[in-house]
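Below is one structure, written out as structure tokens; the observations come after it.
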2 protein chains.
Amino acid sequence: MPKLWNETIEAHRREVRDAILDGTASLAAEHGPLSVTMSQIAEKAGIGRATLYKYFPDVEAILHAWHAREIAGHLARLTEVLDSAEGPATRLESVLEAYALITHESHSHQDTDLGAFLHRDNGDHLAHAHQHLHHMVQHLLTDAAQAGNVRDDIPPNELTRYCLSALAAARTLPSEAAVRRLVTVTLAGVRPPQH
Amino acid sequence: MPKLWNETIEAHRREVRDAILDGTASLAAEHGPLSVTMSQIAEKAGIGRATLYKYFPDVEAILHAWHAREIAGHLARLTEVLDSAEGPATRLESVLEAYALITHESHSHQDTDLGAFLHRDNGDHLAHAHQHLHHMVQHLLTDAAQAGNVRDDIPPNELTRYCLSALAAARTLPSEAAVRRLVTVTLAGVRPPQH
DNA sequence: GCTTTATCGAGACACTTTGTCACTGTCAAT
DNA sequence: ATTGACAGTGACAAAGTGTCTCGATAAAGC
């Protein structure tokens with residue numbers, strides 16, 4: 001196996017790949033994901049159609065790759081938020097709020113839940129990126145539960161799904177203030193029930 | 001304008017239409033919605049391809065119609081539940097639980113959030129069916145808020161989005177018991193905050 | 001009952017999209 | 001300089017698409 005290539009060629013490939021993903025996202029946003037064709041994508045990306053097949057086997061794979069890139073970007077931002085907060089409760093609230101806001105602004109770009117739709121992933125990319133996110137929130141919830149800020153009568157796994165799903169509603173909300181209210185309500189659901 | 005046709009022809013059309021929708025759902029479930037073609041659908045439904053175009057203009061329209069039919073069925077079941085419950089709090093809980101269970105079992109059929117994905121609806125079918133659902137839940141929440149069972153510091157509209165979105169997590173849960181726990185948590189989010 | 005009329009269904013056609021060749025040009029390694 | 005690997009492209013066969021036209025069938029008018 002020859003040593004890996006020079007920087008130049010790999011950088012170029014990345015550029016082309018990104019152009020493909022951007023173009024596809026644009027096309028999908030404009031005419032709907034079902035009407036996107038390999039031909040359109042190739043033209044939009046400024047490459048030959050046959051070349052496109054050297055990067056991706058079909059439209060579905062491209063949409064998956066785009067979604068994975070999107071999620072990865074979100075994860076990076078969330079990790080920043082995570083690291084800059086102190087204490088289990090604060091960390092949980094900060095990350096959930098950040099997630100909701102990201103989801104909210106992603107709406108205008110009209111992307112999300114494409115992943116849920118395209119669940120032809122057989123435990124691959126989507127699973128990876130999304131499980132990463134899931135794991136992060138679950139960890140936060142477990143910590144907060146140990147600190148007594150979160151109910152412990154429900155498995156953390158299920159609380160995590162609840163949080164992520166509830167906050168997905170941020171996509172449909174009109175204002176940032178509404179998103180913050182959504183976070184409030186969602187957090188109210190995970191607090192220990194009083195008796 | 002000639003009076004509308006006899007029952008027979010219309011019944012036949014409905015049969016064919018249903019066969020198309022069923023076949024499409026089956027194909028979409030098996031190979032993913034993006035790879036479904038008009039040719040496959042026609043063959044599966046047992047009609048000529050050209051005939052299929054007399055019913056629907058393209059795959060997207062068929063998926064929309066199938067989704068609308070699905071939602072309509074769910075709505076009918078929810079309306080039953082709604083009518084057989086007494087009192088604002090009980091009604092809210094019953095309907096939300098029923099919705100979660102329906103979502104849960106719909107998972108195996110792998111359908112939902114296809115609607116969210118195909119938001120090429122310009123205020124049409126999807127809007128109609130889904131807004132009907134939204135309206136039902138919002139009404140329940142408003143009643144329950146007036147009775148003091150639900151917080152009134154958040155607009156009912158937003159609480160509704162929260163509920164429906166949170167309960168969508170039922171799709172990914174493994175057991176019915178987990179779904180009931182999800183309903184518990186979701187309801188905890190909408191209760192009046194204590195001070 | 002028989003014609004009229006509307007519409008269902010299918011064969012056929014022109015066009016687009018798809019997936020895969022074989023081929024050229026370029027860069028890195030020896 | 002030669003070799004090997006790979007990006008990129010034009011070309012081709014196959015599949016899918018949308019439309020048109022034509023025959024068959026069932027309701028409606030006389």
Side-chain angles (χ1 to χ4, degrees), chain A residues 1-66 69 118 120 122, chain B residues 1-66 69 114 118 120:
Chain A
M1 44 238 57
K3 204 189 62 159
L4 276 160
W5 287 48
N6 189 335
E7 190 86 43
T8 338
I9 186 72
E10 198 169 336
H12 172 64
R13 253 192 102 77
R14 244 177 250 285
E15 261 179 51
V16 174
R17 195 188 133 99
D18 281 346
I20 292 170
L21 264 45
D22 292 342
T24 303
S26 153
L27 287 169
E30 193 173 355
H31 303 295
L34 273 78
S35 68
V36 181
T37 69
M38 293 293 268
S39 305
Q40 293 172 354
I41 294 171
E43 190 180 3
K44 196 105 178 180
I47 60 176
R49 194 176 58 82
T51 306
L52 179 55
Y53 281 92
K54 303 246 173 160
Y55 285 82
F56 297 100
D58 52 30
V59 177
E60 192 166 330
I62 301 179
L63 287 172
H64 264 136
W66 170 76
R69 192 183 68 171
L118 294 175
R120 298 212 57 60
N122 299 317
Chain B
M1 49 242 43
K3 201 190 63 158
L4 276 160
W5 288 49
N6 189 337
E7 191 87 44
T8 337
I9 187 72
E10 198 170 337
H12 172 64
R13 254 192 101 76
R14 244 178 249 284
E15 261 179 50
V16 174
R17 194 189 134 99
D18 281 346
I20 292 170
L21 264 45
D22 293 341
T24 303
S26 153
L27 287 170
E30 192 173 356
H31 304 294
L34 273 78
S35 68
V36 181
T37 69
M38 293 292 270
S39 304
Q40 293 172 355
I41 295 171
E43 191 180 4
K44 195 103 178 182
I47 59 175
R49 194 176 59 84
T51 306
L52 179 55
Y53 282 93
K54 303 245 174 157
Y55 285 81
F56 296 101
D58 52 30
V59 177
E60 192 165 328
I62 301 179
L63 288 172
H64 263 135
W66 171 76
R69 192 184 67 172
L114 168 135
L118 292 176
R120 298 209 56 59

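Just so we're clear, the structure is a prediction, and the values are computed from it rather than from any experiment. Letters go in sequence order (proteins before strands), and every chain restarts at 1. The figures here come from the full heavy-atom set of this structure, side chains too, leaving out hydrogens, waters and symmetry mates.
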With a distance cut-off below 6.0 Å to the six-membered ring centre and an angular limit of 45° from the axis, does A:Arg17 pair with A:Phe56 as a cation-pi contact?
no
[atom1] of [X] versus [atom2] of [N]: gap in Å, rounded?
X	N	atom1	atom2	value
A:Asp58	C:dT20	CG	C1'	14 Å
B:Ile20	C:dC8	CD1	P	11 Å
A:Ile41	C:dT17	CD1	C1'	12 Å
A:Glu60	C:dT18	CD	P	14 Å
B:Tyr53	D:dG16	OH	P	11 Å
A:Ile62	C:dG19	CD1	C1'	13 Å
B:His31	D:dG16	NE2	P	12 Å
B:Gln40	D:dT17	CD	P	8 Å

Pull out every protein N or O sitting under 3.5 Å from an N or O of nucleotides 9-12 of chain D, one pair per line with the distance.
{"unit_1": "D:dT9", "atom_1": "OP2", "unit_2": "A:Gly48", "atom_2": "N", "d": "2.8"}
{"unit_1": "D:dT9", "atom_1": "OP2", "unit_2": "A:Thr51", "atom_2": "OG1", "d": "2.9"}

According to a strict under-4.0 Å criterion, is B:Ser39 in side-chain N/O contact with OP1 or OP2 of D:dT17?
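Answer yes for this pair, as a side-chain N or O of B:Ser39 is under 4.0 Å from OP1 or OP2.
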Any A:Tyr55 side-chain nitrogen or oxygen under 4.0 Å from OP1 or OP2 of D:dG8
yes
For A:Arg49, which residues count as a side chain to side chain donor-acceptor pair (under 3.5 Å) partner, sequence neighbours excluded?
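A:Arg49 satisfies side chain to side chain donor-acceptor pair (under 3.5 Å) with no residue once adjacent residues are dropped.
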Among residues at least two apart in sequence or on other chains, which ones pass side chain to side chain donor-acceptor pair (under 3.5 Å) with B:Asp58?
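B:Asp58 satisfies side chain to side chain donor-acceptor pair (under 3.5 Å) with no other residue.
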Please check: side-chain N/O of B:Ser35 versus main-chain N/O of B:His31, any donor-acceptor pairing under 3.5 Å?
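Yes; at least one donor-acceptor contact below 3.5 Å.
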For a 4.5 angstrom cut-off between non-hydrogen side-chain atoms, does B:Asp22 reach B:Arg69?
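Yes. Closest side-chain heavy atoms under 4.5 Å.
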Contact check, side chains of A:Ile62 and A:Val36, non-hydrogen atoms, under 4.5 Å:
no
Nearest 0.5 Å, please: how far is CD in A:Glu60 from CG in B:Leu34?
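Separation between the atoms: 5.5 Å.
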Degree of bending in the helix from C:dG1-D:dC30 to C:dT30-D:dA1 once both end axes are built from five pairs, to 10°:
10°
Report, as yes or no, whether the 6.0 Å neighbourhood of atom CD on B:Glu43 holds more than 12 heavy atoms from other residues, nucleotides or ligands.
no
For B:Ser26, what residues pass the side chain to side chain contact (heavy atoms under 4.5 Å, CB included) criterion, not counting sequence neighbours?
B:Lys44
